[in-house]
Undergrad: 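Before I ask anything, here is the structure I am working with.
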Amino acid sequence: MDANVALALLSSCSPSTSAAASSLLPRRRCLASRRRASSRATIMAALGDDPIKEWILTEGKATQIKGIRSIGGGCINSAQRYDTDVGPFFVKTNSRIGPEMFEGEALGLKAMYDTKSIRVPLPYKVGSLPTGGSFIIMEFIEFGPSRGDQSVLGRKLAEMHKAAKSDKGYGFHVENTIGSTPQINTWTDDWIEFYSKHRLGYQLELASRRYGDSAILEKGQRLIKNIRPLFDGAVIEPCLLHGDLWSGNISSDSNGDPVILDPACYYGHNEAEFGMSWCAGFGGDFYNAYFQVMPKQPGFEKRRDLYLLYHYLNHYNLFGSGYRSSAMSIIEDYLYVLAA
């Protein structure tokens, strides 16, 4: 019996009946409380096999999950929208990879979120799935009908780069991934050394092991030994980078403000952020707005392809030989220009 109903009945009873009922009321309340606790325990025991629902219904403050629907994802992860009585949550899962990948993503999202510059989804929880694999729960952002204003995107991105600098040098707090490729983020004082070893060098070695491609390894290593003149006159600072900024990771919210997601964050030279410009759709309005906040450094045009190279090499390693010619062309062009 509901406690409010019991109290209503008591108020209409005779004194003697009321006294008898009063003595039973604490006992009934206790029984009701036990039933609720038992029901809650049963629910939570069932949810123990589903850590996503368990978090949403406890730390996520929801009392009801109204629906779950797939909203795509990519070639690496699956994505779902969880609709609840406190609003929607965005969930990504991967059935093959442990939580380390999502932990790196969550740290990157939080670092960008803390700059209070460009909008990113706030991460809430990373964990392992009982059947293997992992998940990440984060803020659900309702996207607008377009990718938003290019000039606003450029300005907001530059504000993030300007706001977040590292006093540890170049790298990141953890290793993370670029796609599903490991991204080595060991702190390094010198940017050219960091980019040579942990970006270009790592990808070249990976291509050599994966495809037996000794030609691209040999020429790539020659380029690495000769790239320092490309940075003459440039002021380089360790800025927080999204790290994987292509069109699929850029959107806008329902207000039209830019949103970036799915990062591969690290602290690096701000120009490295444009390494995926070949499939990001950055135009003149984007660059003009960006460079009003972060002034263009001497030699920018000479270095642009050097930053494209990292991502072409990664696509070669991820998706196969279709990207090899683009990577090799950049390497050979630089070897010619540098007379290396």
Undergrad: CZ/R324 to CD1/I331 distance, rounded to the nearest 0.5 angstrom?
TA: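 The distance works out to 8.5 Å.
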
Undergrad: Taking D83 for the side chain and P88 for the main chain, is one N or O donor matched with an acceptor at less than 3.5 Å?
TA: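 Looks like no, no N/O pair under 3.5 Å.
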
Undergrad: For residues Y334 and L306, report the shortest heavy-atom separation together with the two atoms involved.
TA: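 Reported closest heavy-atom pair: OH-N, 3.0 Å.
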
Undergrad: Given side-chain hydrogen bond (donor to acceptor under 3.5 Å, both in side chains), test Q203 with N317 step by step and report yes or no.
TA: CA-CA 8 Å; Q203 293 283 351; N317 284 315; 2.7 Å; yes

Undergrad: Between S134 and N94, is there a side-chain donor-acceptor contact under 3.5 Å, judged purely by atom types and distance?
TA: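 No.
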
Undergrad: Quick one: does S251's side chain have a donor or acceptor within less than 3.5 Å of a partner on N249's backbone?
TA: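 Side chain of S251 to backbone of N249: no pair is present.
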
Undergrad: Indicate the atoms forming the closest heavy-atom contact of N176 with C265, along with that distance.
TA: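 Closest approach of N176 to C265: ND2-O, 2.7 Å.
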
Undergrad: How far does CD1 of I52 sit from CD1 of I56, to the nearest 0.5 angstrom?
TA: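 I52 atom CD1 to I56 atom CD1 measures 7.0 Å (nearest 0.5 Å).
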
Undergrad: Using the rule that two of Ile, Leu, Val, Met, Phe, Trp, Tyr join whenever any of their side-chain heavy atoms come within less than 4.5 Å, decide whether M101 and I184 are in one cluster.
TA: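 Different clusters: M101 never reaches I184 through Ile, Leu, Val, Met, Phe, Trp or Tyr contacts under 4.5 Å.
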
Undergrad: Check whether any side-chain heavy atom of K197 lies under 4.5 Å from a side-chain heavy atom of Y202, and answer yes or no.
TA: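 Result no, sub-4.5 Å side-chain heavy-atom pair not found.
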
Undergrad: State yes or no: do I260 and V152 share one hydrophobic cluster built from I, L, V, M, F, W and Y residues joined by side-chain heavy-atom distances below 4.5 Å, directly or via other members?
TA: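 No; V152 is not reachable from I260 via cluster members.
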
Undergrad: Quick check: does any side chain N or O of S329 sit under 3.5 Å from a backbone N or O of S325, one acting as donor and the other as acceptor?
TA: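 No, S329 side chain to S325 backbone: no donor-acceptor pair under 3.5 Å.
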
Undergrad: So does E332 pair up with K219, basic N to acidic O under 4.0 Å?
TA: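 Salt bridge between E332 and K219, a charged N being under 4.0 Å from a carboxylate O: yes.
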
Undergrad: So which heavy atom on L157 is nearest to which on I118, and how close?
TA: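 Smallest heavy-atom distance, with atoms named: N-CD1, 4.3 Å.
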
Undergrad: Can you tell me if Q183 uses its side chain to pair, donor with acceptor, with the backbone of A264 under 3.5 Å?
TA: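 It does hold such a pair.
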
Undergrad: With no hydrogens and no angle check, just 3.5 Å: does a side-chain donor-acceptor pair link H269 and Y170?
TA: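 Checked: H269/Y170 side chains show no N/O donor-acceptor pair below 3.5 Å.
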
Undergrad: For the backbone of I216 and the side chain of D213, can you confirm whether one donor and one acceptor N or O come within less than 3.5 Å of each other?
TA: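 Checked: pair present.
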
Undergrad: Show your working on salt bridge (charged side-chain N to carboxylate O under 4.0 Å, His left out) between K156 and D149 and close with a plain yes or no.
TA: CA-CA 11 Å; K156 292 282 190 180; D149 188 315; over 6 Å; no

Undergrad: Quick check: are there more than 12 heavy atoms from other residues, nucleotides or ligands sitting under 6.0 Å from OH of Y113?
TA: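 12 or below, so no.
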
Undergrad: Are Y290 and F282 an aromatic pair by the rule of ring centers under 6.0 Å?
TA: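 Ring centroids of Y290 and F282 are no less than 6.0 Å from each other.
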
Undergrad: For the pair E175 and Y266, evaluate side-chain hydrogen bond (donor to acceptor under 3.5 Å, both in side chains) and give the outcome as yes or no after the intermediate values.
TA: CA-CA 9 Å; E175 316 292 20; Y266 65 99; over 6 Å; no

Undergrad: With a cut-off of 6.0 Å (strictly less than), are more than 12 heavy atoms of other residues, nucleotides or ligands near CG of D114?
TA: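 Counting other residues, nucleotides and ligands, CG of D114 exceeds 12 neighbours.
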
Undergrad: Taking it one step at a time, do L223 and L309 satisfy side-chain contact (heavy atoms from CB on, under 4.5 Å)?
TA: CA-CA 11 Å; L223 171 60; L309 178 58; 3.8 Å; yes

Undergrad: Before you tell me yes or no, could you show the steps for R303 and E271 under salt bridge (charged side-chain N to carboxylate O under 4.0 Å, His left out), namely the whole-Å CA-CA distance, both residues' side-chain angles and the distance that decides it to 0.1 Å?
TA: CA-CA 8 Å; R303 291 185 294 273; E271 294 173 7; 2.8 Å; yes

Undergrad: To the nearest 0.5 angstrom, please state how far the CG atom of N185 sits from the NE2 atom of H173.
TA: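 One gets 10.0 Å once the value is rounded to the nearest 0.5 Å.
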
Undergrad: Check this for me: does any side-chain nitrogen of one of K168 and D189 sit under 4.0 Å from a carboxylate oxygen of the other?
TA: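 Looking at D189 together with K168, the answer is no, because their closest N to O distance does not fall below 4.0 Å.
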
Undergrad: Examine R81 relative to F89 and say whether NZ or CZ is less than 6.0 Å from the centre of the six-membered ring and inside a 45° cone about the ring axis.
TA: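 R81 over F89 ring: no.
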
Undergrad: Minimum heavy-atom separation for P99 to V126, with atom names?
TA: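 For P99 versus V126, the nearest heavy atoms are O-CG1, 3.8 Å.
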
Undergrad: With distance as the sole test, does T177 use its side chain to make a donor-acceptor pair with the main-chain N or O of G179 at under 3.5 Å?
TA: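 Such a contact is found between T177 side chain and G179 backbone.
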
Undergrad: For a quick test of reading the model, state the closest non-hydrogen atom pair linking P123 to M138 and the distance between them.
TA: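 Shortest heavy-atom contact: CA-CB, 3.8 Å.
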
Undergrad: Do you know the tightest heavy-atom contact between L338 and I227?
TA: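 Scanning both residues, the minimum pair turns out to be CD1-CA, 4.4 Å.
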
Undergrad: Give a yes or no answer on whether the side chain of N270 reaches the backbone of H161 with a donor-acceptor pair at less than 3.5 Å.
TA: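 Such a contact is absent between N270 side chain and H161 backbone.
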
Undergrad: Applying ring pair (Phe, Tyr, Trp, His ring centres under 6.0 Å) between Y307 and each of Y312, Y195, W278, F300, report the one that passes.
TA: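 By the ring pair (Phe, Tyr, Trp, His ring centres under 6.0 Å) criterion, Y307 pairs with just one of Y312, Y195, W278, F300: Y195.
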
Undergrad: Can you tell me how far apart CG (D167) and OH (Y267) are? Round to the nearest 0.5 Å.
TA: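 One gets 9.0 Å once the value is rounded to the nearest 0.5 Å.
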
Undergrad: Could you state the interatomic distance from CG (D232) to CD (Q297), rounded to the nearest 0.5 Å?
TA: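 Separation between the atoms: 12.5 Å.
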
Undergrad: Check for me whether the distance between the ring centres of F90 and Y82 falls short of 6.0 Å.
TA: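 Centroid separation for F90 and Y82: 6.0 Å or greater.
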
Undergrad: Does the distance from a Lys or Arg side-chain N to an Asp or Glu carboxylate O, for K110 and E105, drop under 4.0 Å?
TA: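 No, this pair does not count.
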
Undergrad: So E139 and R119, salt bridge (charged side-chain N to carboxylate O under 4.0 Å, His left out) or not? Walk me through it.
TA: CA-CA 11 Å; E139 174 190 8; R119 189 171 186 190; 2.9 Å; yes

Undergrad: Without placing hydrogens or testing angles, list every side-chain donor-acceptor pair under 3.5 Å for residues 233-246, not counting sequence neighbours.
TA:
{"from": "E237", "atom 1": "OE1", "to": "K165", "atom 2": "NZ", "distance (Å)": "3.1"}
{"from": "H242", "atom 1": "ND1", "to": "D244", "atom 2": "N", "distance (Å)": "3.0"}
{"from": "H242", "atom 1": "NE2", "to": "L261", "atom 2": "O", "distance (Å)": "2.6"}

Undergrad: So does E159 pair up with K116, basic N to acidic O under 4.0 Å?
TA: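 Looking at K116 together with E159, the answer is no, because their closest N to O distance does not fall below 4.0 Å.
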
Undergrad: Any salt bridge linking R228 with D190? Criterion: basic side-chain nitrogen under 4.0 Å from a carboxylate oxygen.
TA: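 Salt bridge flag = yes for D190 with R228.
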
Undergrad: Is the distance from the ring center of F194 to that of W187 below 6.0 Å?
TA: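 Distance test on ring centres: not under 6.0 Å, no.
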
Undergrad: Any chance you could measure R304, atom CZ, to L230, atom CG, to the nearest 0.5 Å?
TA: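 If we round to the nearest 0.5 Å, R304:CZ and L230:CG are 14.5 Å apart.
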
Undergrad: Do the ring planes of F274 and F291 sit parallel (below 30°), tilted (30 to 60°) or perpendicular (above 60°)?
TA: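 If you compare the ring of F274 with that of F291, the planes turn out perpendicular.
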
Undergrad: Could you tell me whether a side-chain N or O of S208 sits under 3.5 Å from a main-chain N or O of L204, the two making a donor and an acceptor?
TA: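 Pair absent, no side-chain N/O of S208 close to backbone of L204.
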
Undergrad: Test your reading of the model: is there a side-chain donor-acceptor pair from N288 to the backbone of G284, 3.5 Å cut-off?
TA: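 Yes: the side chain of N288 pairs with the backbone of G284.
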
Undergrad: Please confirm whether the backbone N or O of E142 pairs with a side-chain atom of D253, one donor and one acceptor, at under 3.5 Å?
TA: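 Side chain of D253 to backbone of E142, a donor-acceptor pair under 3.5 Å: no, none is there.
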
